[in-house]
Participant: 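Below is a structure I'd like to ask you about.
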Amino acid sequence: MALDLTILYRGPLSSCNYGCRYCPFAKHREDRAAHAADARALDRFVAWVAGRTADRLAILFTPWGEALIRRRYQHALARLSHLPQVRRVAIQTNLSCRLDWLAACDPARLALWATYHPTQTSRARFLAQCAELDRRGVRYSVGVVGVAEQAAEIAALRQALPPHVYLWINAYKAVPNYYTPDLLAAFTAVDPLFPINTQRHPSRGRPCRTGETAISVDGDGTIRRCHFVRAPIGNLYDAGGVEAA
């Protein structure tokens with residue numbers, strides 16, 4: 001059965017080269033065995049996608065860390081971007097990697113979900129990376145975490161980014177009632193959708209595409225409705241695979 005499906009893939013990788021205070025994976029390192037396991041899981045997933053020649057797939061990589069500093073992920077995105085059944089492949093990244101690997105990708109189908117972390121890199125370096133994406137014709141958005149001490153830097157980044165690049169602010173929800181009216185107004189001026197993100201929206205029993213036209217998949221192939229619903233509904237690699245889910 002042919003599928004028209006959005007897949008969020010998150011393998012076992014959980015290491016990052018940045019040390020952001022708001023992230024549990026800051027400066028975490030994995031040993032060779034862990035990286036080898038992640039590489040096997042990634043290869044298996046890419047091979048599965050390559051075999052689904054009758055499908056129409058959109059793939060978003062959402063790693064628990066920074067994946068694009070690893071060549072295996074660069075190669076995976078390049079290969080997936082050229083598969084005719086893949087209409088879009090995207091990944092979350094801090095954009096700290098070299099970008100020469102993009103030459104092997106189809107820029108019409110690749111997108112980057114880039115996040116700027118002011119305590120870990122300079123604005124000038126991050127903007128230079130964004131300019132390189134523009135030069136290569138790669139679609140991208142830019143995000144930041146909405147912490148109060150970075151408000152001025154976030155506003156400066158919005159001024160410096162090209163108008164066509166959306167700058168989204170990820171609400172910091174670890175502290176209740178964190179946003180004062182002035183801070184909320186300042187962030188809304190940068191990201192008009194920010195007030196929506198500050199709320200914890202009820203979803204139980206509401207209409208949702210998850211489990212139907214969108215699924216999340218982990219490294220061993222376990223399928224869930226999304227990252228936030230832990231109950232498994234199948235396995236990508238079992239007989240019948242995603243059709244049964």
Side-chain angles (χ1 to χ4, degrees), residues 1-13 38 41-65 67-68 73 75-93 105-115 138-143 165-166 168-171 173 191-245:
M1 180 178 68
L3 301 171
D4 190 339
L5 190 65
T6 297
I7 302 173
L8 282 68
Y9 177 83
R10 178 175 287 162
L13 181 77
D38 181 70
L42 179 62
D43 286 347
R44 190 182 188 191
F45 175 71
V46 172
W48 180 88
V49 174
R52 303 292 303 195
T53 55
D55 295 341
R56 190 166 182 265
L57 304 173
I59 300 162
L60 172 61
F61 289 86
T62 59
W64 285 125
L68 283 185
Y73 281 91
H75 294 160
L77 264 69
R79 183 183 180 194
L80 290 168
S81 74
H82 287 285
L83 295 177
Q85 64 267 38
V86 176
R87 55 185 170 84
R88 176 75 68 187
V89 58
I91 191 168
Q92 291 177 303
T93 176
C105 300
D106 179 353
R109 294 193 226 174
L110 178 69
L112 299 183
W113 178 355
T115 307
V138 174
R139 183 182 175 190
Y140 66 101
S141 68
V142 172
V165 176
Y166 195 90
W168 51 268
I169 301 177
N170 189 20
K173 298 176 182 176
D191 176 4
L193 298 177
F194 179 68
I196 298 174
N197 189 238
T198 62
Q199 306 300 312
R200 296 187 184 274
H201 299 277
S203 59
R204 186 183 295 274
R206 305 289 179 88
C208 186
R209 295 194 304 124
T210 59
E212 296 182 7
T213 60
I215 58 172
S216 71
V217 175
D218 66 17
D220 66 7
T222 298
I223 302 170
R224 295 180 173 85
R225 295 184 183 278
C226 73
H227 291 321
F228 304 101
V229 179
R230 299 308 302 162
I233 59 174
N235 190 286
L236 205 65
Y237 309 124
D238 286 347
V242 70
E243 291 92 341

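Every heavy atom of this structure was used, including side-chain atoms; hydrogens, water molecules and symmetry mates were not. In this text, all values refer to a predicted model and were calculated from it rather than measured experimentally.
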Participant: So how far is it from Arg109 CZ to Leu83 CG, rounded to the nearest 0.5 Å?
Facilitator: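 Spacing of CZ (Arg109) from CG (Leu83) equals 7.5 Å.
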Participant: Using every non-hydrogen atom in the two residues, find where Ser81 and Asp106 come nearest and quote the distance to one decimal.
Facilitator: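 Nearest heavy atoms, Ser81 then Asp106: OG-N, 2.9 Å.
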Participant: Is atom CZ of Arg139 surrounded by more than 12 heavy atoms (other residues, nucleotides or ligands) closer than 6.0 Å?
Facilitator: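 Count not over threshold, so no.
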Participant: Please confirm whether the backbone N or O of Ala214 pairs with a side-chain atom of Thr6, one donor and one acceptor, at under 3.5 Å?
Facilitator: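 A pair under 3.5 Å: no.
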Participant: Which atom pair, heavy atoms only, marks the closest approach of Pro12 to Gly219?
Facilitator: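 Here Pro12 and Gly219 meet closest at CD-CA, 4.0 Å.
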Participant: Pair Trp113, Phe61 - check side-chain contact (heavy atoms from CB on, under 4.5 Å), show working.
Facilitator: CA-CA 10 Å; Trp113 178 355; Phe61 289 86; over 6 Å; no
Participant: Does a side-chain N-to-carboxylate-O contact under 4.0 Å join Asp220 and Arg44?
Facilitator: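 Judged by the 4.0 Å cut-off on N to carboxylate O distance, Asp220 and Arg44 do not form a salt bridge.
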Participant: Show every side-chain hydrogen bond (donor to acceptor under 3.5 Å, both in side chains) that has at least one partner inside residues 209-219, sequence neighbours left out.
Facilitator: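 Every side-chain hydrogen bond (donor to acceptor under 3.5 Å, both in side chains) pair that includes a residue of residues 209-219, provided the two are not neighbours, is Arg209-Thr213, Asp218-Arg224.
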Participant: Step by step, would you call Tyr237 with Phe45 a side-chain contact (heavy atoms from CB on, under 4.5 Å)?
Facilitator: CA-CA 9 Å; Tyr237 309 124; Phe45 175 71; 3.5 Å; yes
Participant: Quick one: pull up CG in Leu42 and OH in Tyr9 and give me the separation to the nearest 0.5 Å.
Facilitator: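 Output value for this atom pair is 5.5 Å.
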Participant: Would you say Ile59 and Arg88 make side-chain contact, with heavy atoms under 4.5 Å?
Facilitator: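 Ile59 does not reach Arg88 side chain to side chain.
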Participant: Which heavy atom of Ala2 sits nearest a heavy atom of Ala54, and at what distance?
Facilitator: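 Looking at all heavy atoms of both residues, the shortest contact is CB-O, 3.5 Å.
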Participant: Suppose the criterion is ring-ring contact (aromatic ring centres under 6.0 Å, His included): which pairs have a residue in residues 195-225, not counting sequence neighbours?
Facilitator: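 Every pair satisfying ring-ring contact (aromatic ring centres under 6.0 Å, His included) with a residue in residues 195-225: there are none.
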Participant: Could you check whether any side-chain heavy atom of Pro107 comes within less than 4.5 Å of a side-chain heavy atom of Leu110, counting everything from C-beta outward?
Facilitator: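 They are not in side-chain contact.
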Participant: Nearest 0.5 Å, what's the CG-OH distance between Asp38 and Tyr73?
Facilitator: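 Nearest 0.5 Å value for the CG-OH distance: 3.5 Å.
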Participant: So which of Leu193, Asn197, Asp191 actually passes side chain to side chain contact (heavy atoms under 4.5 Å, CB included) with Ile169?
Facilitator: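 Option passing the side chain to side chain contact (heavy atoms under 4.5 Å, CB included) with Ile169: Asp191.
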Participant: Do Leu112 and Leu68 have side-chain heavy atoms sitting under 4.5 Å apart?
Facilitator: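 They are in contact (side-chain heavy atoms under 4.5 Å apart), so the answer is yes.
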Participant: Determine whether Val142 and Trp168 make a side-chain contact, defined as any pair of heavy atoms from C-beta on separated by less than 4.5 Å.
Facilitator: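 Side chain of Val142 against side chain of Trp168, heavy atoms only: no contact under 4.5 Å found.
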Participant: Rounded to the nearest 0.5 Å, what's the gap from CD1 on Ile91 to OG1 on Thr93? Could you check?
Facilitator: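 Rounded to the nearest 0.5 Å, the CD1-OG1 separation comes out at 6.5 Å.
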Participant: Quick one: list whatever passes salt bridge (Lys or Arg N to Asp or Glu O under 4.0 Å) with Arg79, sequence neighbours left out.
Facilitator: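 Not a single residue meets the salt bridge (Lys or Arg N to Asp or Glu O under 4.0 Å) criterion with Arg79.
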Participant: Below 4.5 Å, heavy atoms only, C-beta onward: do Val46 and Leu80 meet side chain to side chain?
Facilitator: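 The answer is yes, as the side chains (C-beta and beyond) meet within the 4.5 Å cut-off.
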Participant: Do Val49 and Val86 come close enough that some side-chain heavy atom pair is under 4.5 Å?
Facilitator: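 Yes, at least one pair of side-chain atoms sits under 4.5 Å.
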Participant: In Å and rounded to the nearest 0.5 Å, what is the CD1 to CD1 distance from Ile233 to Ile223?
Facilitator: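 So the gap between those two atoms works out to 6.0 Å.
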Participant: Going by heavy atoms in the side chains, are Arg87 and Asp4 under 4.5 Å from each other?
Facilitator: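 They are in contact (side-chain heavy atoms under 4.5 Å apart), so the answer is yes.
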Participant: Going through the checks in order, is the side-chain contact (heavy atoms from CB on, under 4.5 Å) test met by Arg52 and Leu57?
Facilitator: CA-CA 9 Å; Arg52 303 292 303 195; Leu57 304 173; 4.3 Å; yes
Participant: Please report the interatomic distance CG(Leu8) to OG1(Thr62), rounded to the nearest 0.5 Å.
Facilitator: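 Reported value, rounded in 0.5 Å steps: 5.0 Å.
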Participant: Looking only at non-hydrogen atoms, find the nearest pair between Cys105 and Ala78 and report the distance.
Facilitator: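 Where Cys105 meets Ala78 most closely, the heavy atoms are SG-CA, 3.6 Å.
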